[in-house]
Amino acid sequence: MPAPRIKSPHLLVAESGADREGHGLKRTMGLFQLICFGVGAIVGTGIFVGLSDSVAQAGPAVVISFVLAALTCVFTAFSFAELGGAIPVSGSSYSFAYAGLGESTAFLVGWCLLLEYGISISAVAVGWSEYVNELLHSLTGLQLPAVLSAGPGDGGLVNLPAVLVIAMASVLLVRGVRESARATAAMAAVKLAILLAFCAIGYSAFKDGNLTPFSPAGLGGIGAGTTAAFFSYIGFDAITTAGEEAKNPRRDIPVAIMVCMGLVTLLYCAVALAAIGAIGGDRVAGHPAALSYVVNEVTGSTVGGGVIAFGAVVAIASVVLAVMYGQTRILMSMSRDGLIPRVFEKVSPKTSTPVAGTLIVAVVFALPAAFASLDAVMNLCTIGTLAVMAVVNIVVIALRRREPGLARSFRVPLYPVAPLLGVAFCLYLMYETGWRTWLQFAVFLAVGLLVYGVYGRRHSTLARPVAEVTPVAEVTPAGAERESQAV
């Protein structure tokens with residue numbers, strides 16, 4: 001059996017130019033921009049649209065579901081923080097797997113990331129369309145006709161608002177990272193202000209009796225609610241895709257991940273308690289645009305609900321922007337390694353962005369957003385994301401053994417307990433998705449292995465002679481250590 005093709009962390013950094021100027025990309029993102037980017041990638045459809053699904057499963061105990069989902073993500077966030085500081089390249093989980101477990105595993109991780117980010121972008125765009133209609137109704141009393149605001153599976157013909165938000169995000173991303181970061185920061189500020197305002201309104205009408213029975217479906221309901229709530233946290237890993245465009249990635253990426261996870265968990269629990277305490281879990285569970293509904297019920301007016309709908313429109317648009325950014329950077333890294341066509345690695349000298357790759361991503365993911373019903377594949381997205389997170393935890397352990405001298409600006413606390421707990425939590429939530437989802441996932445991975453065998457393995461840069469893939473200037477462990485002395 002041939003040895004796995006593994007790229008050392010130093011080779012990955014050297015090939016990307018991440019310790020200098022990343023592969024034609026420009027370093028424009030500081031710590032504040034990374035935190036805003038993380039909040040932009042996380043806070044959106046999961047809380048504005050998905051809260052009702054989580055409450056339907058767990059009732060008021062959805063707060064416990066959010067905490068359990070956060071624990072799953074926090075343990076993995078520790079691993080992302082360690083690897084993001086040690087290997088600051090655009091490939092995120094894909095590059096980490098390449099360094100720790102080898103090329104075939106890395107390709108499958110990238111394959112799962114296509115699923116995670118692709119379905120996320122399309123699903124979030126559909127959620128944006130729902131809140132655009134809610135906002136129009138609040139402002140004018142009118143709504144877009146179903147034929148233009150839903151796909152065929154949902155009673156319409158084409159979801160134009162979903163296509164529009166993807167198009168707007170692609171335009172911003174093509175213009176440049178600086179412009180995208182500024183837009184993301186502004187949108188993050190707006191949605192945080194809106195959610196804090198929602199909490200103030202919800203707690204003003206809070207009634208203890210609305211929290212009983214606290215867990216109507218028992219532990220099974222909490223577990224199912226945790227699986228549903230997990231979708232609300234998808235996106236924090238996108239922070240590590242900015243490894244070649246962050247000013248000080250070895251310091252700022254770990255800090256940004258930790259700050260984002262703490263802030264988002266507190267916010268989600270506060271919003272869920274405010275919504276249920278104000279009108280009761282049964283009523284929250286029945287409304288996809290739950291936050292607007294809660295405010296309308298509490299205030300007796302549609303004005304407050306319109307404000308919440310505006311915040312949701314801004315919040316969800318920022319998720320589309322941030323997740324599309326992460327997807328293009330991962331594809332760029334895979335293309336650089338020869339595992340997918342070279343068009344995705346081309347960076348425009350004018351804008352320092354992968355223009356062609358961004359436009360391809362926009363077109364490909366706009367199609368399901370416009371025409372498909374995504375409910376049937378949401379669990380597939382969840383199990384793929386959890387599998388990637390489990391791999392990242394395993395990579396931390398593998399690299400601690402293989403590369404003990406690797407410069408790490410952040411180290412996972414309670415090692416090796418924390419990454420092992422991360423794997424355990426991921427496996428538990430994967431189990432909760434059900435056997436049908438496991439079957440779909442197995443077929444999806446089999447297709448990925450086929451694509452890798454037919455194209456990726458043959459075109460990989462590691463399949464070339466050594467002289468062709470060795471970078472001109474190798475980054476040594478000592479050099480990496482000097483880069484992280486500021487931490």
Side-chain angles (χ1 to χ4, degrees), residues 22 25-48 90 117 120-125 127-129 131-132 135 161-196 234-247 249 252-253 256 259-260 263-264 267 307-330 332 347-348 350-355 357-359 361-363 365-366 369:
L25 304 176
K26 289 186 177 180
R27 297 197 176 280
T28 58
M29 298 177 72
L31 177 60
F32 177 75
Q33 286 81 11
L34 285 172
I35 292 173
C36 290
F37 178 72
V39 172
I42 302 169
V43 180
T45 308
I47 192 66
F48 282 98
S90 292
Y117 284 8
S120 294
I121 291 169
S122 301
V124 167
W128 189 80
S129 179
Y131 264 104
V132 165
L135 179 60
V163 175
L164 177 62
V165 71
I166 292 175
M168 291 189 299
S170 65
V171 169
L172 265 177
L173 290 172
V174 165
R175 284 177 58 86
V177 174
R178 187 185 300 274
E179 291 78 2
S180 301
R182 287 173 178 171
T184 303
M187 289 188 283
V190 169
K191 65 180 163 185
L192 289 178
I194 293 292
L195 288 175
L196 291 175
I234 288 178
F236 76 87
D237 54 321
I239 295 172
T240 57
T241 64
E244 294 172 37
E245 290 157 288
K247 294 178 181 177
D252 292 348
I253 286 178
V259 170
C260 284
L263 177 63
V264 167
L267 189 63
V307 173
I308 298 297
F310 170 74
V313 167
V314 172
I316 297 171
S318 73
V319 175
V320 173
L321 178 65
V323 175
M324 278 187 66
Y325 168 90
Q327 180 68 93
T328 58
R329 271 48 180 184
I330 289 169
M332 189 178 72
V347 175
S348 167
K350 182 177 180 181
T351 64
S352 297
T353 60
V355 174
T358 300
L359 296 179
V361 166
V363 171
F365 295 148

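All heavy atoms count here, side chains included; hydrogens, waters and symmetry mates do not. If you read the sequence from its start, that first residue is 1, and numbering goes on from there.
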Discussion item. Rounded at 0.5 Å granularity, tell me how far SG in C260 sits from CG in L267.
Written reply: 11.5 Å
Fill in: Separation between CE of M324 and CZ of R329, rounded to the nearest 0.5 Å
10.0 Å
Kindly give the heavy-atom pair with the smallest separation between [X] and [Y], and that separation in Å.
{"X": "S170", "Y": "A167", "result": "OG-O, 2.7 Å"}
{"X": "I330", "Y": "Y117", "result": "CD1-CE2, 3.5 Å"}
{"X": "A369", "Y": "A125", "result": "CB-CB, 4.2 Å"}
{"X": "T353", "Y": "L173", "result": "CG2-O, 3.4 Å"}
{"X": "I166", "Y": "F365", "result": "CD1-O, 3.7 Å"}
{"X": "S348", "Y": "V355", "result": "CB-CG2, 3.6 Å"}

Worksheet item: Mind checking what makes side-chain hydrogen bond (donor to acceptor under 3.5 Å, both in side chains) contact with T358, not counting sequence neighbours?
Response: none
Atom pairs and distances, donor-acceptor, side-chain atoms in residues 32-43, under 3.5 Å, two or more places apart:
residue, atom, partner, partner atom, Å
Q33, OE1, G30, N, 3.0

Worksheet entry | Side chain proximity check, M332 to V347, heavy atoms < 4.5 angstrom | yes
Worksheet item: Taking C-beta and beyond as the side chain, do M187 and L321 meet within less than 4.5 Å on heavy atoms?
Response: yes
Worksheet, complete the sentence: So the side chain to side chain donor-acceptor pair (under 3.5 Å) pairs with at least one residue in residues 317-326 (sequence neighbours excluded) are K191-S318, E245-Y325
Practice prompt. Applying side-chain contact (heavy atoms from CB on, under 4.5 Å), name anything that partners L135, two or more places apart in sequence or on another chain.
Written response: L139, A309, F310, V313
